[in-house]
Amino acid sequence: MNTTPAPCDAAQQKLEELRRSIDNIDAALIYMLAERFRHTQAVGKLKAANDMPPADPAREARQVTRLRQLASAAQLDPDFAEKFLAFIIREVIRHHEAFAREGR
């Protein structure tokens, strides 16, 4: 038998409203990531065509520093932001390496 009281209508309404906002933000994130990857793929093709290395550790380090600062300013955990960026960078480098292999 479930003894948990049913949430009040106002709380349920607020929960649904918050979840709709979260869903909208998730959709925006997906579209932003897609746009970002379109640009990084263009970078990868440019690098491959000009025999440039797929990774740029100096740029990556600058980006980590920059995004950690942005995260702090936005009241987001900088460690989380760095992990998120690292995941994206790994995927970008994987694409760049594939373009480099195709160019050979």
Side-chain angles (χ1 to χ4, degrees):
M1 178 174 174
N2 186 357
T3 59
T4 305
C8 72
D9 288 340
Q12 188 63 40
Q13 246 182 329
K14 183 64 176 176
L15 178 62
E16 290 171 12
E17 176 186 317
L18 290 167
R19 286 180 172 165
R20 278 192 302 275
S21 292
I22 290 167
D23 292 348
N24 288 340
I25 293 166
D26 288 345
L29 284 170
I30 293 300
Y31 280 98
M32 292 299 294
L33 282 171
E35 183 68 13
R36 187 185 196 288
F37 275 98
R38 278 190 284 280
H39 288 285
T40 60
Q41 287 179 349
V43 167
K45 290 174 184 175
L46 179 67
K47 285 181 171 184
N50 291 280
D51 199 29
M52 299 167 80
D56 185 345
R59 162 118 171 114
E60 293 161 25
R62 288 190 307 272
Q63 284 295 92
V64 166
T65 299
R66 180 176 162 269
L67 286 208
R68 286 186 68 87
Q69 291 169 347
L70 287 171
S72 289
Q75 298 179 341
L76 178 67
D77 178 5
D79 292 336
F80 170 78
E82 184 173 347
K83 289 175 191 172
F84 183 71
L85 179 63
F87 173 77
I88 291 172
I89 289 172
R90 281 193 308 274
E91 188 65 13
V92 167
I93 290 171
R94 188 178 69 78
H95 290 169
H96 290 190
E97 289 169 343
F99 290 133
R101 282 191 302 276
E102 291 171 9
R104 290 184 191 130

- Output, in order, the C-alpha distance, side-chain angles, deciding distance and verdict of salt bridge (charged side-chain N to carboxylate O under 4.0 Å, His left out) for Arg19 and Glu16. CA-CA 5 Å; Arg19 286 180 172 165; Glu16 290 171 12; over 6 Å; no
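- A salt bridge links Asp79 with Arg68: the closest approach of a Lys/Arg side-chain nitrogen to an acidic carboxylate oxygen falls below 4.0 angstrom.
- To the nearest 0.5 angstrom, His95 atom NE2 is 13.0 Å from Arg90 atom CZ.
- Nearest heavy atom pair, residue Leu67 against residue Ala81, reads O-CB, 4.3 Å.
- Ring orientation note: the planes of Phe99 and His96 are tilted relative to one another, at an angle of 30° to 60°.
- Shown here is Gln13, whose CD atom has no more than 12 heavy atoms of other residues, nucleotides or ligands within 6.0 Å.
- Atom CG of residue Asp23 and atom CG of residue Leu18 lie 11.0 Å apart, to the nearest 0.5 angstrom.
- Within a 6.0 Å sphere centred on CG of Asp51, other residues, nucleotides and ligands contribute 12 heavy atoms or fewer.
- Of the possible polar contacts, none joining the Asn50 side chain to the Met52 backbone as a donor-acceptor pair under 3.5 Å is found.
- Glu60 places a side-chain N or O within 3.5 Å of a backbone atom of Asp56 that can act as its donor or acceptor partner.
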- Message: Under the criterion side-chain contact (heavy atoms from CB on, under 4.5 Å), I'd like the reasoning laid out for Thr40 against Glu91: C-alpha separation, chi angles, the key distance, then a yes or no.
- Response: CA-CA 10 Å; Thr40 60; Glu91 188 65 13; over 6 Å; no
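- Looking only at side-chain heavy atoms (C-beta outward), Arg62 and Arg66 stay at 4.5 Å or farther from each other.
- Electrostatic pairing of Glu17 and Lys14 counts as a salt bridge here, judged by a charged N lying under 4.0 Å from a carboxylate O.
- In the hydrophobic cluster analysis, where Ile, Leu, Val, Met, Phe, Trp and Tyr join through side-chain heavy atoms closer than 4.5 angstrom, Leu70 is grouped together with Val64.
- Once rounded to the nearest 0.5 Å, the distance linking CG of Leu46 with CD of Gln41 reads 13.5 Å.
- With values rounded to the nearest 0.5 angstrom, Lys45 atom NZ is found 8.5 Å from Glu102 atom CD.
- Taking CG of Leu76 as the reference point, atom CZ of Phe84 lies at 10.0 Å (rounded to 0.5 Å).
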- Message: Does Phe37 form a side-chain contact (heavy atoms from CB on, under 4.5 Å) with Ile88? I'd like the steps, not just the answer.
- Response: CA-CA 9 Å; Phe37 275 98; Ile88 291 172; 4.1 Å; yes
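- Residues Ala71 and Pro78 approach most closely at CB-CA, 3.9 Å, considering heavy atoms.
- Residues Met32 and Arg36 fail the side-chain proximity criterion, which asks for heavy atoms closer than 4.5 Å.
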